[in-house]
Structures are given as structure tokens and as C-alpha cells.
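Here is the structure we will look at.
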Amino acid sequence: MKPWLAGVAGALLCATAATAQDFKPAVVYDMGGKFDKSFNEGVWNGVKRFMDETGDDVMEFEVTNETQRSQALTRMAQRGGNPVLGVGFAQADAIDVVAGDYPDQMFAIIDVNWLDRPNLRQYSFKEHEGSYLVGVAAAMKSETGTVGFVGGMDIPLIRKFACGYKQGVMATKPDATVLENMTGTTPAAWNDPTKGAELARSQIDRGADIVYHAAGGTGLGVIRAVADEGKLAIGVDSDQYAVSPGAVLTSMLKRVDNAAYDTLMDAKNGNFTPGIKTLGLAEDGVDYVADENNADLLTEDIRAAMEEAKAKIVAGEITVHNYEDDQSCPL
């Protein structure tokens with residue numbers, strides 16, 4: 001059965017289960033921890049908002065090595081976790097097995113859209129759309145005409161960030177140069193700030209004056225190295241201005257906080273449904289940071305151009321190519 005068919009078939013069952021069973025939410029964060037100033041912390045922000053609004057407690061576990069994913073999800077299920085939220089695509093295989101072992105409990109996972117369980121909600125995001133917008137900003141802000149991108153683990157998901165970014169840059173400044181590096185091919189690529197700093201400095205040496213990262217903890221090294229060189233960085237997932245105040249042009253927000261909050265609140269209210277939710281600009285699933293902190297950097301003309309592009313993407317007047325569709329970036 002296709003995942004969306006499984007979702008439709010199981011929706012009524014899971015919505016009923018949400019009211020019939022004890023609500024006991026649980027979250028398993030991935031490596032980097034819930035205060036990683038990036039992806040995990042975005043999820044934590046949604047969990048915290050839920051707890052602050054409802055007064056409910058949420059069981060939590062922070063994975064520190066790859067072998068803990070399956071163990072942690074299983075332990076949460078054994079303790080009655082309902083729903084159990086897994087953070088990140090690296091937990092896909094584990095949550096697929098555990099959701100199958102505990103069919104009467106609810107599960108959800110962020111950054112996954114290919115599993116087939118009638119008790120599982122999956123979230124994916126249109127990262128290419130948000131990355132296009134920060135590409136517009138990078139092209140307009142750059143004084144050298146050369147900008148950079150540093151990815152974490154070399155996988156299609158991160159290529160999707162890079163491709164969206166390049167499309168935004170080139171649509172704004174066709175003669176621009178976009179430098180691109182991936183940190184590695186194993187999960188260690190997400191937590192290597194030293195390597196991230198090295199890659200960022202290499203791009204700066206080749207003329208980049210703005211560097212966007214999608215690299216998890218590795219990206220903290222990117223931002224700090226760019227700041228040390230007197231250039232500008234673009235953060236990802238969460239607002240990363242505080243990493244190096246004055247040196248972060250903007251951040252591409254991936255609203256994993258909304259995904260976490262909605263999962264917990266829907267389950268609490270008996271409205272949990274399985275299936276795939278895909279969130280882009282139109283669904284407030286991605287966005288960018290524009291506030292008092294970066295107002296001097298992200299000028300009014302840049303914001304106006306980003307807003308114009310955003311409106312055109314939502315209206316279908318601009319189509320941002322998704323690398324994951326065909327494993328290519330048509331530039």
C-alpha cells in the first residue's frame with residue numbers, strides 16, 4: 001500500500017486511539033542534542049511551546065551515538081510513549097520497526113516521507129524554496145559576486161538545500177559564482193565544526209564573502225570562521241544570529257518547531273492522523289529571519305526582493321527545482 005493510502009486508511013483508527021489511550025508524549029532527539037543551535041533545537045522549541053501552553057510533561061532522550069536510536073525509540077514505546085516523535089531521517093529505519101512492533105501507539109518522524117505504517121505521521125519540507133530566498137539575499141548582498149555553500153553529509157537532502165540556494169543566487173545575479181563543498185559522507189559530517197571552518201575559509205580564499213551552510217553542528221564552525229574573516233554567514237533551521245552576532249545575514253528557517261508542536265497538540269486533542277505532511281513556503285514550513293537583529297544587514301531592498309520571490313513561489317509563478325526529484329540541479 002502507498003504511504004498516503006496507508007495514512008488515509010489508518011486515520012480514523014489513530015484519531016480514535018489518541019482519545020482511548022493515555023497521552024504520554026515522548027521525543028527522541030538525534031545526535032547533536034536538543035541545544036545544538038540548529039535542527040534539534042528547532043524541535044525542542046516546538047516541544048517547549050507545547051509544554052508551556054499545556055503544562056504537560058514530555059519524555060525526552062538525546063542520542064549520542066548511532067546505536068542508541070533503535071534502543072531509545074523502543075524504550076520510549078515500552079514506557080507507553082504515545083505519541084513517540086523521532087527527530088531526523090537517520091531514525092527512519094528504527095522508527096519503522098518500532099511503529100510496527102507497537103501498532104496501537106502513535107509515532108511521528110521529521111524529515112522522512114517514504115515509510116508505510118498506519119500509525120505513523122511523517123514530515124518533509126520544501127527546503128529548496130527557503131534556500132532560494134536566502135540565495136536571493138546572498139546575491140544582492142555580495143560585493144565580490146562569489147558566494148559559498150557548505151553542506152554536512154553528502155546526501156540528496158542537503159543537495160536540495162544547495163540547489164535551491166544556487167537557483168536563487170543565479171536568478172538574481174546570473175554572472176555570480178557559487179562555491180559548494182560537502183563535509184563528508186558519513187554521519188560524522190554533522191558534528192565537525194573544525195572541518196566546517198576549514199571549508200568556509202577555503203571558500204573565502206577563493207572570493208566568497210557570504211557562506212550559507214546546511215551542516216548541523218559543523219555549521220557552527222562555518223559561521224564562526226566566516227565571522228572571524230569579516231564576512232557574512234547564512235544560518236539554517238533555527239535563527240543562528242546569536243552564534244556570531246553581526247555576522248549572520250539571515251537564517252533559512254525550517255519550521256520543525258511547528259511540526260513537533262502540531263504532532264503533540266494533535267495527539268493530545270485526539271486529532272492525530274498518520275500520513276505525509278509536506279511543508280513549504282505556502283504552509284509556513286520554511287521561511288527566513290528578518291528582525292531587529294539583522295535589520296542593518298538585511299536591508300529593505302533585499303527584504304523586498306525576498307518577499308517578491310516568496311509571493312511568486314507561493315503563487316506558482318516561480319518553480320524552484322527540487323534536487324530530490326531527479327538527483328539533478330539544472331543550472
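Looking at Phe89 and Ile155, their side chains come closer than 4.5 Å, going by heavy atoms from C-beta outward. Between Val136 and Glu307, every side-chain heavy-atom pair lies at or beyond the 4.5 Å cut-off. When side chains are defined from C-beta on, Glu180 counts as touching Arg159, because their heavy atoms get closer than 4.5 Å. Between Met265 and Asn271 there is no side-chain heavy-atom pair separated by less than 4.5 Å.
A donor-acceptor pair under 3.5 Å is formed between the side chain of Thr144 and the backbone N or O of Gly207. The backbone N or O of Leu298 lies less than 3.5 Å from a partner atom in the side chain of Arg303, making a donor-acceptor pair. The backbone N or O of Ala208 lies less than 3.5 Å from no partner atom in the side chain of Thr146, so there is not a single donor-acceptor pair. Within the 3.5 Å criterion, the main-chain N or O of Gly145 finds no donor-acceptor partner in the side chain of Lys173. Although no hydrogens or angles enter the test, the distance criterion places a donor-acceptor pair under 3.5 Å between the side chain of Glu283 and the main chain of Gly280.
The residues Lys277 and Asp262 are annotated as not salt-bridged, no charged nitrogen and carboxylate oxygen being separated by less than 4.0 angstrom. Ion pair Asp287/Lys310 flagged as a salt bridge, since at least one NZ, NE, NH1 or NH2 atom sits closer than 4.0 Å to an Asp/Glu carboxylate oxygen. Using a 4.0 Å cut-off between a side-chain N of Lys or Arg and a carboxylate O of Asp or Glu, Asp257 and Lys48 do not qualify as a salt bridge. Between Arg201 and Glu229, none of the side-chain N atoms (NZ, or NE/NH1/NH2) sits under 4.0 Å from a carboxylate O, so this pair counts as no salt bridge.
Partner Ile276 forms a side-chain contact (heavy atoms from CB on, under 4.5 Å) with one of Asn113, Leu115, Leu120 and no other, that one being Asn113.
Donor-acceptor pairing under 3.5 Å is recorded for the side chains of Ser142 and Asp209. When only modelled atom types and interatomic distance are considered, Thr299 and Asp301 share a side-chain donor-acceptor pair under 3.5 Å. Using a 3.5 Å distance cut-off with no hydrogens or angles, the side chains of Asn45 and Arg255 do not pair a donor with an acceptor.
Here the closest heavy-atom approach between residue Val169 and residue Ala176 is recorded as CG1-CB, 3.7 Å. Nearest heavy atoms, Lys160 versus His128: CD-ND1, 3.6 Å. Between Ala99 and Arg117, the shortest heavy-atom distance links the atoms CB-CG, 4.2 Å.
Between Ile313 atom CD1 and Leu133 atom CG the span is 5.0 Å, to the nearest 0.5 Å.
Taking the six-membered ring where the residue is Trp, Phe50 and Tyr261 present perpendicular rings, their angle passing 60° and hence far from 30°. Below 30°, between 30° and 60°, or above 60°: for Tyr165 and Tyr212 the angle between ring planes is between 30° and 60°, a tilted geometry. Phe107 and Tyr102 have tilted rings, their planes meeting at an angle from 30° to 60° on a 0 to 90° scale.
When the shell of 6.0 Å around NZ of Lys34 is examined, it contains more than 12 heavy atoms from other residues, nucleotides or ligands.
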